[in-house]
Amino acid sequence: QKKLAVFVSDGGSNSRQFIWHVVPGSVHGEVVVLVTNKRGCGGAEYARNMGIPVILFPRAKDELDGLSSSDLVAAIRFEVNYILLAGYLKLLPVELIRAYPKSIVNIRPSLLPTFGGKGYYGMKVHSVIASGARYSGATIHFVDEKYDTGQVLAQRIVPVLPNDSAEDLATRVLQEEHKLYVEVTAALCEERIVWREDGVPLIQSKQNPTE
């Protein structure tokens, strides 16, 4: 089984989905650590209740047990195969990105590269409604040294309905986020990610590896 680290900053809806689906064996992987910048967030509490170790990162002035960037890399480098961001709002340190090339993915409740970047989180991403765009959705992308600029790995489209509120759209997008992230995590753990000649990542079909 592949060893997975999940990074969260909030209530951890996606982190709970990971732990619920991954630990029972729905994919060939295991969540071995949860990393958060907020000690008391819901995702961290859920992980502790499930017996999963929690690491505080980055180190804050009033948090003596938080890790520095180099300490974090040292702590997980030989224990973790893939890093999955699930509502983690901090920019990852360069040291971590370089230690995990093509092995860190993030999910966004929007269709990147539109409606992404620094400051787009929470209900802000659902400003797609005011733009007049007819579709939103969920995007999973590889993480680089900037916000939301890494290569797109998978997307799921959700229509924007005429009378949608941000909350309505967020609820429908979240349902697709959960399903898509589990599917992509399974592909990562089964080593079904391939790279086209132009550098675009693709997911091989489990049923038919030639597709």
Side-chain angles (χ1 to χ4, degrees), residues 2-19 22 29-48 52-110 112-113 115-122 124-125 138-154 177 181 184-185 187-189 191 193 195 199-201:
K2 300 298 184 182
K3 305 297 185 182
L4 310 174
V6 177
F7 283 48
V8 302
S9 290
D10 53 21
S13 174
N14 273 318
S15 69
R16 291 194 294 272
Q17 285 290 319
F18 280 130
I19 294 167
V22 173
E30 177 186 6
V31 178
V32 297
V33 64
L34 184 137
V35 178
T36 182
N37 62 308
K38 296 182 180 180
R39 181 193 304 277
C41 76
E45 291 301 319
Y46 185 79
R48 291 187 188 100
I52 296 171
V54 174
I55 290 176
L56 187 65
F57 175 82
R59 175 184 290 159
K61 293 180 180 179
D62 58 345
E63 299 281 6
L64 299 180
D65 57 344
L67 299 187
S68 67
S69 297
S70 58
D71 288 341
L72 177 65
V73 173
I76 70 172
R77 188 166 190 174
F78 300 107
E79 303 295 331
V80 170
N81 300 112
Y82 294 106
I83 295 172
L84 314 173
L85 308 190
Y88 187 72
L89 302 180
K90 295 288 187 179
L91 195 64
L92 293 188
V94 173
E95 299 97 317
L96 187 63
I97 293 170
R98 291 177 179 172
Y100 281 89
K102 298 180 179 179
S103 299
I104 307 175
V105 294
N106 182 39
I107 191 161
R108 297 288 288 150
S110 64
L112 297 179
F115 301 106
K118 186 175 182 179
Y120 271 86
Y121 61 89
K124 294 179 183 178
V125 297
T139 300
I140 294 178
H141 67 95
F142 284 99
V143 175
D144 58 17
E145 297 175 14
K146 299 179 181 179
Y147 285 106
D148 298 340
T149 58
Q151 290 171 303
V152 171
L153 175 59
E177 282 185 76
Y181 221 164
V184 169
T185 302
L188 283 169
C189 292
E191 299 182 352
I193 309 300
W195 294 81
V200 172

Heavy-atom closest pair, residues Asn37 and Pro58: CB-CD, 3.8 Å

Inter-residue atom distance Leu4.CG - Ile52.CD1, 0.5 Å rounding: 10.0 Å

Residue set satisfying salt bridge (Lys or Arg N to Asp or Glu O under 4.0 Å) with Lys3, at least two apart, ordered chain then number -> Glu30

How close do Gly150 and Asp144 get, counting heavy atoms only, and between which atoms? N-OD2, 3.3 Å

What one should report as the nearest heavy-atom pair of Thr139 and Ser110 is OG1-O, 2.6 Å

Please check if the number of heavy atoms outside Glu145 that lie under 6.0 Å from its CD is greater than 12. yes

Lys102 vs Gln151 side-chain heavy atoms within contact, under 4.5 Å: no

Run the side-chain donor-acceptor check on residues 83-100: report pairs under 3.5 Å with partners two or more places apart or on a different chain.
unit_1	atom_1	unit_2	atom_2	d
Tyr88	OH	Phe57	O	3.0
Tyr100	OH	Ile76	O	2.9
Tyr100	OH	Arg77	O	3.4
Tyr100	OH	Val80	O	2.8

Knowing that exactly one of Val32, Thr36, Val31 qualifies, which makes a side-chain contact (heavy atoms from CB on, under 4.5 Å) with Leu34? Thr36

Which distance, rounded to the nearest 0.5 Å, do you find between the CG of Leu67 and the CG of Leu56? 7.5 Å

Results of salt bridge (Lys or Arg N to Asp or Glu O under 4.0 Å) for Lys38 - residues two or more places apart only: none

Could you walk me through whether Val8 and Tyr46 pass the side-chain contact (heavy atoms from CB on, under 4.5 Å) check? CA-CA 11 Å; Val8 302; Tyr46 185 79; over 6 Å; no

Spacing of Leu188 atom CG and Tyr181 atom OH [to the nearest 0.5 Å]: 8.5 Å

Hey, are the side chains of Leu112 and His141 touching, using non-hydrogen atoms and a 4.5 Å cut-off? yes

Quick one: pull up CG in Asp148 and CZ in Arg108 and give me the separation to the nearest 0.5 Å. 4.0 Å

